[in-house]
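Scroll down for the structure; my scribbles are underneath it.
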2 protein chains.
Amino acid sequence: MSDQLKLDTFICFAVYTASHAFNRVYKPLLDKLGLTYPQYLAMVCLWEEDSQTVGGLGEKLFLESSTLTPLLKRLETAGYIRRERSRQDERVVVLHLTEEGKRLKEKAETVPGCIIDASGRDADQLVRLQAEIVALREALNKSAS
Amino acid sequence: MSDQLKLDTFICFAVYTASHAFNRVYKPLLDKLGLTYPQYLAMVCLWEEDSQTVGGLGEKLFLESSTLTPLLKRLETAGYIRRERSRQDERVVVLHLTEEGKRLKEKAETVPGCIIDASGRDADQLVRLQAEIVALREALNKSAS
DNA sequence: CGACAATAAATCGTGTGCGATATAAAAGCT
DNA sequence: AGCTTTTATATCGCACACGATTTATTGTCG
């Protein structure tokens, strides 16, 4: 059916544009921290658990090393992390938060609240919607693998 | 609360990764058409209504001219569209589907079905979820403007 | 032990995305 | 008409994002 090719009915398009919309809301908040959105995600990941590997971060963020390596180099240049080859396995690069990187967490604490406010939804709605989108993501990833 | 900074609870992260997941499912399908995902969106837009302007397309796709201009030039090089300055207003560029661009629609008809299959969800669920995500997008865009 | 496969990052090329700026045309104003 | 402002695209610089490939190291198997 030709009717299938309607942009406004594509859930993928909704997700694609929502992702951009989130970015626009995050931008002014993250500018104050000197981070881009993907950099912020990497920092959140390290705040949760310091000294992760590039590969470990990639699995959690669903990103390739070809994306992460340059991004992490920028975070290192910014002074937020250190990148060190593992002694046990020289192939692996371990990421450590610097003191400045740890301090940045305090300044980032207010960000999630701003995003929730901008979403115009209450916590329950967001939790439910988030779970549905994660389930969708899992189905897509399974299908693509 | 420090507990706020948990990656797995971020709806933005769910949306961000779901968007990438969609891209991975689309890639092999769109490779056959010689299109990237954003190029595909632009073509869908023109299949719905031919002879739109760059600005009009940008409003529908939520993209800037700095993104669209190079993308549309690639579609022109590929032979799917023509870009022509309007006679009435020389500032405006009008986009016309070529015959090849129109023919491509037939080959694209099967794509949405494949995506729905990959999502592992029935039509009703997708319609509902799509509406929720669009509402979220609108709230975010309103907040950012 | 040594060739070979597997693994982890990094590199490279292409294509988005966007903010800031530039360019050119149209519209508005005196 | 002449000058200013607005509007529509285009250009530029930077930062993703990924597939394909490369490099270096580790693991494996005869």
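So you know, we letter chains A, B, ... as the sequences are listed, proteins then strands, and number each from 1.
For residues 61-104 of chain B, no pair satisfies ring pair (Phe, Tyr, Trp, His ring centres under 6.0 Å), with sequence neighbours left out.
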A correct 5'-to-3' footprint of nucleotides 15-28 of chain C, with B, S and - meaning base, sugar-phosphate only and no protein heavy atom under 4.0 Å, is SBBBBB----BS--
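Rounded to a whole Å, the CG atom of B:Leu95 is 12 Å from the C1' atom of D:dA8. Rounded to an integer number of Å, the gap from A:Leu72 CG to C:dT11 P is 12 Å. With rounding to whole Å, B:Leu57 atom CG is found 14 Å from D:dA8 atom P. Nucleotide D:dA15 holds its P atom 15 Å from the CG atom of A:Leu30, rounded to whole Å. The nearest whole Å value for the distance from the CG atom in B:Leu68 to the C1' atom in D:dT9 is 10 Å.
Clustering of Ile, Leu, Val, Met, Phe, Trp and Tyr by side-chain heavy atoms under 4.5 Å joins A:Val94 with A:Val92.
For B:Phe13, the ring pair (Phe, Tyr, Trp, His ring centres under 6.0 Å) criterion is met by no residue, not counting sequence neighbours. Residues passing the ring pair (Phe, Tyr, Trp, His ring centres under 6.0 Å) test with A:Tyr26 are A:Tyr37, A:Tyr40, sequence neighbours excluded.
Between B:Lys73 and D:dT11 there is a side-chain N or O to OP1 or OP2 distance below 4.0 Å.
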Table please: side-chain donor-acceptor pairs of residues 119-129 of chain A below 3.5 Å, with sequence neighbours left out.
{"from": "A:Ser119", "atom 1": "OG", "to": "A:Ile116", "atom 2": "O", "distance (Å)": "2.6"}
{"from": "A:Ser119", "atom 1": "OG", "to": "A:Arg121", "atom 2": "N", "distance (Å)": "3.3"}
{"from": "A:Arg121", "atom 1": "NH1", "to": "A:Ser119", "atom 2": "O", "distance (Å)": "2.8"}
{"from": "A:Asp122", "atom 1": "OD1", "to": "A:Asp124", "atom 2": "N", "distance (Å)": "3.2"}
{"from": "A:Asp122", "atom 1": "OD1", "to": "A:Gln125", "atom 2": "N", "distance (Å)": "2.9"}
{"from": "A:Gln125", "atom 1": "OE1", "to": "A:Asp122", "atom 2": "N", "distance (Å)": "3.2"}
{"from": "A:Arg128", "atom 1": "NH1", "to": "A:Glu132", "atom 2": "OE2", "distance (Å)": "3.3"}
{"from": "A:Arg128", "atom 1": "NH2", "to": "B:Glu132", "atom 2": "OE1", "distance (Å)": "3.4"}

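Using a 4.5 Å heavy-atom cutoff, the side chains of B:Leu29 and B:Ile115 are in contact.
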